[in-house]
Amino acid sequence: MGIKDIGLIMVSTFVLMISCKGDMEPKLLASNDMESAFNESIRAHYFTSLDSTAQFISQMDTLNSVEANRELFVKSREWYKRVEPMLIAYDYENYLSMNAPNLVKVEIDDYQDVKVLQPKSFQVLEELLFAEEGFSNKELNSVLEYLKVRIPFVRKNHILINQRDRHHLKMIRDAVVNIATKGITGFDSPMLSNSLNEAAYNYETLAKVIDIYENAFNDKSLYNQWKTEIALATKDLNASDFDSFDRYAFIKDHTNKQLELINLTAKDWGITMNTSRTLNPSIANLFDKDFFNMKMFSEQRNPQMTQDRIELGRKLFNDPSLSSTGTISCASCHIKEKAFTDGRKIAIGINNKELQRNTPTLSYSAYQTSFFYDGRSDGLEDQIVNVVNNEDEFHIDLKLLEQKVLANADYKIQFDSLYIGTISDLNVRNAIATYIRSLAPFDSKFDRNMQDLEASLTDEEIEGFNLFMGKAACATCHFPPVFNGTVPPKYMETEFENLGVPKTDDFDHPELDEDMGQYFPYKVAEKRNFFKTSTVRNSELTAPYMHNGVYDNLEEVITFYNVGGGQGMGLDVPNQTLPADSLGLTDNESKAIIAFLKTLTDREFETVN
């Protein structure tokens, strides 16, 4: 039996399961508190898709021709994409492992426990099989042997056991968000750019789940809306090639529509979605200011974003008396009019001492899990500790910070009211962090258009967004809607990249910057030159750019990416994460991307430049 015959049998089985479902299943209802009555059908689809994934992988072999292995890979990947929504929802660690980028992963617990892990995933297979320069059979065999063991292991140890209906609805929601923020960007199809077809396979599973739940719909028109919407989304995905696909229209017309359908479905089924996740389950617009669940980005899980606490934090943020010399405040380096940067290549601390790096924007910084360019802090309150203790910044200790606030009568009144009379260094830091968390209004021109509050984007600006999300591959690191390195759809990890940033802006005679980034403090070679991926929101105001402020304008930044970063300029950059090949952007395309970036300037800054 050939590959095509096996594929036809599996597809026929898949279609038969869908078409016969309505006749075979009794009328069942969704439940808010009990195990889902539909679990058996969900598991059957999960096993069918995972077994099909394994079947094609099992036939791959280094003795096969390259053409045969490529065909088998594409078929296995197709079935993997059908099982992917369930892996994301119920087996996230294995999803990350099977779909990992072809990048070395480093796990560090302490100086004596450093693990350097080579990925063995579908993305690695794709790059091996479809690379122009060929590949090593030894490396190919290593990845194949891993997946041939891993996929059956995942099946055997599956955790699709006691899910409730709200879990399956959240699975659909996560898949919708994942498709919009990663699936249509080329994030996990680096060589083939097969992302649109693969997103359609994701939607096949969502359609299957909706079919399984057909009898649970009290409002049959809602079920029909789902069927129509998924069919239309799939049609749009299949009707375009990767570079010309209109991602702007897709998110407005489909993603947001599907998020609204999820809300209506939860109401129809009488279920309550879990609110203790990074995303608010009831928000029906990817660019809504409340799309994220702020409490899950706060160390205390209780940020209390009241206007009074924000105002107290603003006063503390702007108060130079909190530094040892009484001459600098947080606002000295994070100037509001510059979107909370300072316009310098390298920041300046007390006594005009030059610091190590460029001042990053605080706009939208709440929505990340690591702080500073090297990620040495895990939260906003922790980040403030570093600033307070740094001898070139505030240069005081936490106890003295607390005493300075205690000595201020106005602060005492506010803390009496807002922190039950407790002035501690933690509460001081929390107040400042609360103010910083408020600096994410999602009210730029782009947001307002995505929220259907206005229709003011030009064709060039929309083209720029589509390029950013597609051909230019910007969104494979700067994920929407924040456009930073916090990874969807769970938004629990902030990425770091090695771009090969040069020391100067001389493109003809580049020299690698000497800042080693995450290499310290553990001195791990594989982390050399890695820096956090910051947001590009308000980037119109935050020049100069990169950790060392090497580029003075967005045109230079786009040129740097277009040539392939440091490696593309001929530098020796081990473990560079940015592909060294040119993006092939034309001058007009580069201008369009910059035009889009300027639409991310928040309303309060729109008249600054």
Side-chain angles (χ1 to χ4, degrees), residues 101-106 116 118-119 123-124 126-128 130-136 139 186-187 190-193 243 345-346 356-358 373-374 467-468 470-478 485 495-520 523-534 536 539 543-591 593-594 597:
N102 189 13
L103 302 171
V104 173
K105 183 177 181 180
V106 180
V116 178
Q118 297 290 338
Q123 290 195 50
V124 177
E126 182 173 322
E127 293 196 31
L128 286 172
F130 294 91
E132 293 182 2
E133 64 271 15
F135 57 87
S136 159
E139 188 175 1
F187 174 83
M191 300 297 296
L192 296 177
S193 296
D243 284 349
K345 286 184 177 295
I346 301 297
Q356 186 178 7
R357 297 178 180 126
N358 177 261
Y373 280 112
D374 55 15
L467 287 163
F468 186 97
K471 177 181 177 180
C474 310
T476 60
C477 296
H478 295 275
E495 280 195 345
F496 293 76
E497 305 289 342
N498 178 358
L499 307 175
V501 175
K503 181 184 294 186
T504 71
D505 60 358
D506 185 346
F507 283 91
D508 295 322
H509 304 93
E511 183 180 349
L512 189 64
D513 187 67
E514 296 170 353
D515 190 335
M516 296 187 183
Q518 284 195 303
Y519 175 75
F520 298 108
K523 298 184 178 180
V524 179
E526 288 80 5
K527 302 297 286 182
R528 189 189 302 267
N529 303 125
F530 275 76
F531 298 91
K532 184 184 68 179
T533 302
S534 300
V536 295
S539 56
Y545 305 100
M546 304 302 187
H547 67 271
N548 59 354
V550 64
Y551 295 126
D552 291 327
N553 54 65
L554 288 171
E555 286 77 8
E556 290 178 331
V557 174
I558 299 300
T559 298
F560 170 75
Y561 283 107
N562 196 24
V563 301
Q567 286 184 355
M569 292 190 290
L571 296 176
D572 180 18
V573 188
N575 300 308
Q576 179 172 305
T577 56
L578 179 69
D581 297 332
S582 171
L583 295 171
L585 297 174
T586 66
D587 288 344
N588 285 338
E589 287 174 332
S590 295
K591 290 177 182 176
I593 294 172
I594 292 171
L597 291 174

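A quick note: this is a predicted structure, and the numbers were derived from the prediction, not measured. For this chain, numbers begin at 1 and follow the sequence in order.
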Original post:
If you take all heavy atoms of A473 and T476, which pair is closest and at what distance?
Top reply: O-OG1, 2.6 Å
**OP:** Locate the shortest heavy-atom distance separating G549 from P544; write the atom from each residue and the value.
**Re:** O-CB, 3.4 Å
Subject >> Between N498 and N575: side-chain donor-acceptor atoms closer than 3.5 Å >> reply: no
**OP:** Return yes if some donor-acceptor pair links the side-chain N/O of Q576 with the main-chain N/O of G564 below 3.5 Å, else return no.
**Re:** yes
**OP:** List the steps, then state whether side-chain contact (heavy atoms from CB on, under 4.5 Å) holds for Q118 with V104.
**Re:** CA-CA 5 Å; Q118 297 290 338; V104 173; 3.6 Å; yes
Original post:
Is the closest side-chain heavy-atom distance between P574 and D572 below 4.5 Å?
Top reply: yes
Original post:
Which value, rounded to the nearest 0.5 Å, describes the distance between M546 atom CE and Y373 atom OH?
Top reply: 9.5 Å
Original post:
What is the distance from atom CG of L583 to atom CD1 of I593, rounded to the nearest 0.5 Å?
Top reply: 7.5 Å
Subject >> Non-hydrogen side-chain atoms of L597 and F468 separated by less than 4.5 Å >> reply: yes
Original post:
Does Y545 reach the main-chain N or O of S539 with its side chain, forming a donor-acceptor pair under 3.5 Å?
Top reply: yes
Original post:
Looking only at heavy atoms, what is the nearest atom pair of L585 and E589, with distance?
Top reply: CA-OE1, 3.3 Å
Subject >> CA sep, side-chain torsions, deciding dist, call: V501, F531, side-chain contact (heavy atoms from CB on, under 4.5 Å) >> reply: CA-CA 10 Å; V501 175; F531 298 91; 5.7 Å; no
**OP:** Rounded to the nearest 0.5 Å, what's the gap from NZ on K591 to CD on E555? Could you check?
**Re:** 9.0 Å
Subject >> D374: which of Q518, R357, K532, H547 passes side-chain hydrogen bond (donor to acceptor under 3.5 Å, both in side chains) >> reply: R357
**OP:** Evaluate the side-chain proximity of F560 to L499: yes if any heavy-atom separation is below 4.5 Å, no if none is.
**Re:** yes
**OP:** Please check if the side chain of N548 supplies one atom and the backbone of P502 the other of a donor-acceptor pair under 3.5 Å.
**Re:** yes
**OP:** Report yes or no: does E495 contribute a side-chain atom to a donor-acceptor pair with the main-chain N or O of G485 at less than 3.5 Å?
**Re:** no
Original post:
Would you call the rings of Y551 and F507 parallel, tilted or perpendicular if under 30° counts as parallel and over 60° as perpendicular?
Top reply: parallel
**OP:** Output all residues satisfying salt bridge (charged side-chain N to carboxylate O under 4.0 Å, His left out) with K345, sequence neighbours left out; order by chain, then residue number.
**Re:** D552
**OP:** Heavy atoms only: give me the nearest L571-L512 pair and the separation to one decimal.
**Re:** CD1-N, 3.8 Å
Subject >> E127 side, atom CD; N102 side, atom CG - distance, nearest 0.5 Å >> reply: 4.5 Å
Subject >> Point-to-point distance, once rounded to the nearest 0.5 Å, from CG of D515 to CG of N358 >> reply: 11.5 Å
Original post:
Looking just at side-chain N and O atoms, do E497 and T577 make a donor-acceptor pair shorter than 3.5 Å?
Top reply: yes
Subject >> Distance, nearest 0.5 Å, that separates CG of D587 from CG of N562 >> reply: 9.0 Å
Subject >> Side-chain donor/acceptor of E126 to backbone N/O of L192, under 3.5 Å >> reply: yes
